[in-house]
Q: 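My questions will all concern the structure given below.
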Amino acid sequence: MAIERTLSIIKPDATRRNLTGAINARFEERGLRIVAQRRVQLTQTQAEGFYAVHKERSFFGSLVAFMCSGPVVVQVLEGENAVTLNREIMGATNPANAEAGTIRKDFAESIEANSVHGSDSPENAAKEIAYFFSEVDIVG
Ligand code: RTP
Ligand code: MG
């Protein structure tokens, strides 16, 4: 199985509740390595750019406002099958549908304030990683 990288974001609902370490432990316990990490306050322009694929969706404005409502932690996770594995660790978008033991089941507040983002394909992971990090900032 190939070593992959994926872009993860710990969202404002989680940083506000001081859950960064607890969430990072979930990644590390499952064998994902945090090879880059930065805490940032997103601007509206940055959040709109990141979520541009969702700009026609009804929840876009609310999602952008939420993502700017406090600090986020952007990070690159590396490991075997990292994209799919991270989506498993995160759980379903809506915490009501998330499986037991997933980050969203255990920590998310709502379908919007759902604690984490993870890239949904290797192609999107490469784009999303480049949105926040230069190659020199990623140390595997
Ligand atoms: P993400 O991109 O954050 O990893 O989450 P995802 O793939 O599971 O969900 P996606 O469909 O890409 O939606 C992106 C984020 O938008 C918010 N959302 N709100 N109010 C709603 O119905 C709704 N649906 C989605 C969530 O924060 C979701 O993670
Ligand atoms: Mg998504």
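When a ligand or atom number is given, it counts from 1 through the structure's own listing order.
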Q: Do Glu88 and Arg30 meet the salt-bridge criterion of a basic N to acidic O distance under 4.0 Å?
A: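 Salt bridge present between Arg30 and Glu88.
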
Q: What I want to find out is whether Glu135 reaches Arg5 closely enough, with some N-O distance under 4.0 Å, to be called a salt bridge.
A: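 Yes.
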
Q: Which protein heavy atom lies closest to atom 5 (O) of ligand 1, and at what distance to 0.1 Å?
A: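 Its nearest protein heavy-atom neighbour is Arg104 NH2, 3.2 Å.
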
Q: List the closest protein heavy-atom neighbour of atom 25 (C) of ligand 1: residue, atom name, distance to the nearest 0.1 Å.
A: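 Of the protein heavy atoms, Phe59 CZ, 3.6 Å lies nearest.
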
Q: Among all protein heavy atoms in this structure, tell me which lies nearest to atom 2 (O) of ligand 1, with the distance rounded to 0.1 Å.
A: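 Residue, atom and distance for the closest contact: His117 ND1, 3.0 Å.
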
Q: Through direct or indirect side-chain contacts below 4.5 angstrom among Ile, Leu, Val, Met, Phe, Trp and Tyr, which residues connect to Leu77?
A: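 Its cluster mates, by chain and number, are Ile10, Leu19, Ile23, Phe27, Leu32, Ile34, Val73, Leu85, Ile89, Met90, Ile103, Phe107, Val116.
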
Q: Identify, by atom number and element, the atoms of ligand 1 in contact range of Asn114, meaning under 4.0 Å from any of its heavy atoms.
A: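 By the 4.0 Å cutoff, the relevant atoms are 26 (C), 27 (O), 28 (C), 29 (O).
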
Q: If you measure from each heavy atom of Met67 to ligand 1, is any distance below 4.0 Å?
A: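 Heavy atoms of Met67 never come under 4.0 Å of ligand 1.
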
Q: Work out which heavy atom in Ala125 is nearest to a heavy atom in Ser119; give both atom names and the distance.
A: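 In terms of heavy atoms, the two residues are closest at CA-OG, 3.4 Å.
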
Q: Which residue owns the protein heavy atom closest to atom 26 (C) of ligand 1, what's the atom, and how far is it?
A: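 Result for atom 26 (C) of ligand 1: Ile111 O, 3.2 Å.
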
Q: Could Arg16 and Glu109 be called an ion pair, given the rule that one side-chain N must be under 4.0 Å from one carboxylate O?
A: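 Counted as a salt bridge, because a side-chain N and a carboxylate O are separated by less than 4.0 Å.
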
Q: For atom 6 (P) of ligand 1, what is the closest protein heavy atom, and at what distance to 0.1 Å?
A: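 That would be Thr93 OG1, 3.5 Å.
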
Q: Need the ligand 1 atom indices (1-based, order shown) with element for anything under 4.0 Å from a heavy-atom of Met90.
A: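 Taking each heavy atom of Met90 in turn, ligand 1 has 4 (O) under 4.0 Å.
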
Q: Heavy atoms, side chains only, cut-off 4.5 Å: are His117 and Leu7 in contact?
A: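 Yes, their side chains come closer than 4.5 Å.
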
Q: Touching ligand 1 at all, Tyr51? Heavy atoms, strictly under 4.0 Å?
A: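 The answer is yes, since Tyr51 has a heavy atom less than 4.0 Å from ligand 1.
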
Q: I'd like to know if Glu128 contacts ligand 1, where contact means a heavy-atom distance under 4.0 Å to any ligand atom.
A: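 No heavy atom of Glu128 comes that close to ligand 1.
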
Q: Tell me the protein heavy atom at minimum distance from atom 10 (P) of ligand 1, and give that distance in Å.
A: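 Checking every protein heavy atom, the shortest distance to atom 10 (P) of ligand 1 gives His54 NE2, 3.7 Å.
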
Q: Tell me: protein heavy atom nearest atom 17 (C) of ligand 1, and distance?
A: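 In this structure, atom 17 (C) of ligand 1 has Leu63 CD1, 3.8 Å as its nearest protein heavy atom.
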
Q: Going by the atom numbers of ligand 1, which of them fall below 4.0 Å from some non-hydrogen atom of Glu112?
A: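 In order of number, 26 (C), 27 (O).
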
Q: Parallel, tilted or perpendicular: which describes the rings of Phe132 and Phe50, with under 30° parallel and over 60° perpendicular?
A: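 Geometry flag for Phe50 against Phe132: tilted rings.
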
Q: Testing Val76, Ile129, Val139 for side chain to side chain contact (heavy atoms under 4.5 Å, CB included) with Val35, which one passes?
A: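 Running side chain to side chain contact (heavy atoms under 4.5 Å, CB included) over Val76, Ile129, Val139 with Val35 returns exactly one hit, Val76.
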
Q: Would you mind checking which non-hydrogen protein atom is closest to atom 7 (O) of ligand 1, with the distance to 0.1 Å?
A: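 Its nearest protein heavy-atom neighbour is Arg87 NH1, 3.1 Å.
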
Q: Look at the side-chain heavy atoms of Ile, Leu, Val, Met, Phe, Trp and Tyr, link any pair under 4.5 Å apart, and say whether Val53 and Tyr51 land in one connected group.
A: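 Val53 and Tyr51: separate clusters.
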
Q: Should you measure from each heavy atom of Gly118, which atoms of ligand 1 turn up under 4.0 Å away?
A: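 Answer, ordered by atom number: 4 (O).
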
Q: Other than Val136, which residues form its hydrophobic cluster under the rule that side-chain heavy atoms must be closer than 4.5 Å?
A: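 The other cluster members (ILVMFWY side chains, heavy atoms under 4.5 Å, direct or chained): none.
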
